[in-house]
Amino acid sequence: MADGGPPTPGAADPIVIDTMTGGLTGVTAGYLLPAPRPALVECGPALTIDATIAALRGLGMDPDDLAWLVVTHVHLDHAGGAGDLLAAFPRATVVVSPRGARHLVDPDRLNDSARRVYGPLFDTVYGPCTPIAADRVLAADDGHVLDLGAGRRLEILDTPGHAKHHIAAFDPDLGAVFTGDSVGVRLEGMRALRPATPPADFNLGTMLDSLARYRERDPAHLYLAHYGEVGAPDAVLAEADDGVRRWVAAVEEARRTVPAHEDELDHVADLLRHRFAEDLDLAPDAAEDAEARIALLNDPRSNAAGILRYLDRRDAGTLTPLG
Ligand SMILES: [Zn+2]
């Protein structure tokens with residue numbers, strides 16, 4: 001089905017599974033789509049995969065019951081536990097972008113680069129990916145339709161921008177898009193959506209194209225990985241478009257004013273933190289926990305580094321169409 005169209009009455013809503021990323025609630029959501037051949041979208045990191053497995057078991061799912069695990073991209077907070085989840089559900093197939101598939105089969109490079117990017121958090125929050133047999137990995141092209149049984153389908157959309165290997169899942173019966181990180185991040189305690197623009201391959205142009213593709217579907221529901229369903233899809237998609245443009249513009253401005261003695265990334269990250277501080281609306285009693293969640297996921301330093309790298313490659317003429 002190419003268009004969102006009206007939702008089909010009777011299709012079961014997704015069930016939110018808290019993956020307990022970093023031992024915190026409300027950081028990374030998985031979504032279980034109940035159907036004869038159920039699909040889970042996102043599984044969370046390896047270190048806390050037992051929480052995801054226990055939640056599925058608690059919903060009455062036996063080891064043979066899960067058919068599909070869709071990972072929107074191979075960053076460890078989304079896909080790190082995929083190998084361990086597939087060991088617990090031996091009939092499941094993992095669905096991933098063709099550009100991410102090899103990293104799940106042979107995760108050494110992914111683990112090495114994550115260790116560099118995350119530092120000590122690699123061992124305390126994420127943990128290493130375990131390899132997945134190639135015949136259990138489905139590299140899904142744009143438009144690929146997964147059969148969930150009883151007429152229920154899930155369509156894969158190629159939606160680069162956050163990463164060049166980012167995909168989203170569209171449920172035509174519900175008119176629902178599972179957006180991964182492509183629309184941004186809004187955790188409890190955040191007043192506004194924040195773009196997620198990390199290194200190494202954030203690309204403004206492809207991110208805006210991906211947002212336009214969602215608008216074409218006229219979705220009735222948007223489900224963010226971080227965290228949960230957000231209301232008013234039209235307004236959220238407009239906010240995402242505007243927000244990422246503003247963050248990139250802010251970095252362009254900031255990098256023109258780096259004082260000689262200061263590190264470019266330090267300077268730009270401080271400026272972003274200051275400029276977008278009003279996005280956070282933390283209740284005093286919840287502040288500590290909420291701050292920990294946001295820092296884990298959407299530190300302005302990571303956004304600054306991704307945008308700087310994008311601008312450098314754009315200016316050098318080395319951007320490729322996919323990032
Ligand atoms: Zn990501």
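Every number for a ligand or one of its atoms is a count from 1 in the order of the listing. Residues: numbered from 1 along the sequence shown.
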Show me, pair by pair, the donor-acceptor contacts under 3.5 angstrom made by side chains of residues 112-125, not counting sequence neighbours?
{"from": "S113", "atom 1": "OG", "to": "L110", "atom 2": "O", "distance (Å)": "3.4"}
{"from": "T124", "atom 1": "OG1", "to": "P120", "atom 2": "O", "distance (Å)": "3.3"}

Centroid separation H226 to H78 less than 6.0 Å: yes
Between H165 and H75, ring centroids under 6.0 Å: yes
Which residues share a salt bridge (Lys or Arg N to Asp or Glu O under 4.0 Å) with E262, sequence neighbours left out: none
Residue and atom, protein N/O/S, under 2.8 Å of the Zn ion (ligand 1): H73 NE2, H75 ND1, H162 NE2, D181 OD2
Note: R213-D158 ion pair, threshold 4.0 Å (strictly below): no
Sequence neighbours excluded - salt bridge (charged side-chain N to carboxylate O under 4.0 Å, His left out) pairs with any residue from residues 62-81: none
